Amino acid sequence: MPELPDVVVFRKYVDEKALHRPIEEVQLFAEEILDGISPAHLQSKTEGHRFESTARHGKYLFVNLDGSGWIVFHFGMTGYFQYFKDGEQGLKHTRALFSFNNGHHLAFVLQRKFGSIAFTEHVEDFVRERRLGPDALDKSLDLEVFKVIIKRTRGNIKSVLMDQRRIAGIGNVYSDEILYQSKILPKAEVGQLGDRDLERVFRAMKEVLNTAIDSQADPGKMPEHYLLPHRKKGGRCPVCGGDLRSDKISGRTYYYCPNCQFG
DNA sequence: ACATTGACCTGAGAGC
DNA sequence: TGCTCTCAGGTCAATG
């Protein structure tokens, strides 16, 4: 479920399990996932080195290699990490495997090969090159900045929230939750939204993402008034009890409550 | 500038 | 059990 909250959880996972340990070997099982880096380059950057720290911007996770640049992970639609001991069963869709000198391994698992591994000398360079907007939870993204970013554009509010070049970190699921909490329809045109509305979206954005992080990005642990646990065919609105509906924007299915959301 | 569509991949789940 | 169809948390390029 790799949107911003999920990547926060993955980051903690790496922080707790895989830092400061010499990497003996890296194995690649799907070279296609490398983005702008060769297998040999990845190998020379990692083998004999350590993961020393992590950073995150939007849906990207950066892992620092003892001062000599960063490995950049993107999780696509299905990615996650699995840390395991020698002798334990690895997972089928492991695409890259980092093996440490303590007999433990960090697997980068992707069912669909939509994720990637890249490399950058500096996090800021990567963010600039990919033209990513500010991270949705960064303090620099305050209400005023948010309003400027949103007003700079037309179109429906959902697409704008999901555009990584405007704001980084929000995808299909969390944009639905943010708009549900804001009581605004995903297809509402941003030009039709007033300052009051944008303020609600802004507050919901911060609150939803922080709440999701507190819940380890697990829908089952989220508050009862959240859409996420009910976000499926036949689901009911946890607030009014009515049937949720779904529709599509640019081919992506979204869910909403026709009774609670306006715009 | 914006919206839509298809492509990229690999299943899981539904319906027959 | 097996087959076929649709759908899935992302991004990118091409097209209107």
Side-chain angles (χ1 to χ4, degrees), chain A residues 1-11 28-36 56-61 72-81 91-96 107-118 126-127 129-133 135-136 148-180 186-193 205 208-209 211-213 215-222 226-235 244 246-256:
Chain A
M1 331 160 209
E3 296 182 40
L4 187 153
D6 310 274
V7 180
V8 170
V9 173
F10 298 156
R11 181 184 177 190
L28 264 180
F29 303 102
E31 292 188 8
E32 319 89 271
I33 68 164
L34 292 186
D35 178 7
R56 184 192 59 73
H57 190 104
K59 303 175 188 175
Y60 292 91
L61 175 64
V72 189
F73 293 94
H74 190 282
F75 299 87
M77 289 174 92
T78 58
Y80 60 97
F81 287 125
L91 289 165
K92 183 179 174 190
H93 300 294
T94 297
R95 308 301 183 183
F108 181 49
V109 184
L110 303 168
Q111 184 199 107
R112 303 160 77 185
K113 296 179 189 166
F114 289 169
S116 60
I117 295 178
F126 185 88
V127 169
E129 283 159 16
R130 303 287 170 125
R131 299 195 208 167
L132 298 175
D135 183 83
V148 169
I149 289 173
I150 301 294
K151 287 179 175 176
R152 191 164 76 196
T153 184
R154 293 165 212 292
N156 63 77
I157 182 70
K158 179 177 171 71
S159 295
V160 176
L161 288 176
M162 285 174 56
D163 184 344
Q164 305 301 300
R165 291 184 176 190
R166 295 200 166 78
I167 296 170
I170 300 166
N172 198 31
V173 165
Y174 285 102
S175 58
D176 277 10
E177 185 69 61
I178 289 164
L179 293 169
Y180 175 76
K187 66 168 188 282
E189 291 289 316
V190 292
Q192 303 296 313
L193 300 177
M205 173 179 81
V208 162
L209 295 175
T211 300
I213 290 166
S215 311
Q216 283 81 244
D218 177 351
K221 296 179 182 164
M222 288 178 200
Y226 266 44
L227 174 70
L228 250 74
H230 311 276
R231 191 185 174 283
K232 56 196 155 197
K233 206 170 275 176
L244 294 175
S246 65
D247 198 352
K248 287 187 184 223
I249 288 177
S250 303
R252 306 302 304 278
T253 302
Y254 68 90
Y255 289 81
Y256 67 102

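Residue numbers start from 1 in every chain, and the chains themselves are labelled A, B, ... in the order their sequence lines are given, proteins ahead of strands. No experiment lies behind these values; they were computed from the predicted model shown.
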Subject >> Listed nucleotide nearest any side-chain atom of A:Arg166, set B:dC2, C:dG9, B:dT10 >> reply: B:dC2
Subject >> Whole angstrom value for the distance that separates C1' of C:dT11 from CZ of A:Arg130 >> reply: 10 Å
Subject >> Gap between atoms CZ and P, on A:Arg252 and C:dG9 respectively (whole Å) >> reply: 5 Å
Original post:
Is the distance from OP1 or OP2 of C:dC7 to the nearest side-chain N or O of A:Thr253 less than 4.0 Å?
Top reply: no
**OP:** With heavy atoms under 4.0 Å as the rule, sort A:Lys187 into base, sugar-phosphate or nothing.
**Re:** nothing
Original post:
Out of B:dT10, C:dT11, B:dA3, which nucleotide sits closest to the side chain of A:Ser159?
Top reply: B:dA3
Original post:
Below 4.0 angstrom from OP1 or OP2 of C:dG10, is there any side-chain N or O of A:His74?
Top reply: no
Original post:
Think A:Thr153 has a side-chain N or O under 4.0 angstrom from the OP1 or OP2 of B:dC2?
Top reply: yes
Original post:
Does A:Arg152 put a side-chain nitrogen or oxygen below 4.0 Å from OP1 or OP2 of B:dA1?
Top reply: no
**OP:** Establish, with yes or no, whether the OP1 or OP2 oxygen of C:dA8 is under 4.0 angstrom from a side-chain nitrogen or oxygen of A:Arg112.
**Re:** no
Original post:
So does A:Lys59 get a side-chain nitrogen or oxygen closer than 4.0 Å to the phosphate oxygens (OP1/OP2) of C:dG9?
Top reply: no
Original post:
Is there a side-chain polar atom (N or O) of A:Lys113 under 4.0 Å from OP1 or OP2 of C:dG10?
Top reply: no
Subject >> Nearest atoms (heavy-atom pairs only) where A:His230 meets A:Leu244 >> reply: O-CD1, 3.3 Å
**OP:** Would you indicate, yes or no, if B:dC2 has its OP1 or OP2 atom less than 4.0 angstrom from a side-chain nitrogen or oxygen of A:Asn156?
**Re:** no
**OP:** Would you please confirm or rule out a distance under 4.0 Å between OP1 or OP2 of B:dT4 and any side-chain N or O of A:Ser250?
**Re:** yes
Subject >> Spacing of A:Phe114 atom CZ relative to B:dG11 atom P, expressed in whole Å >> reply: 12 Å
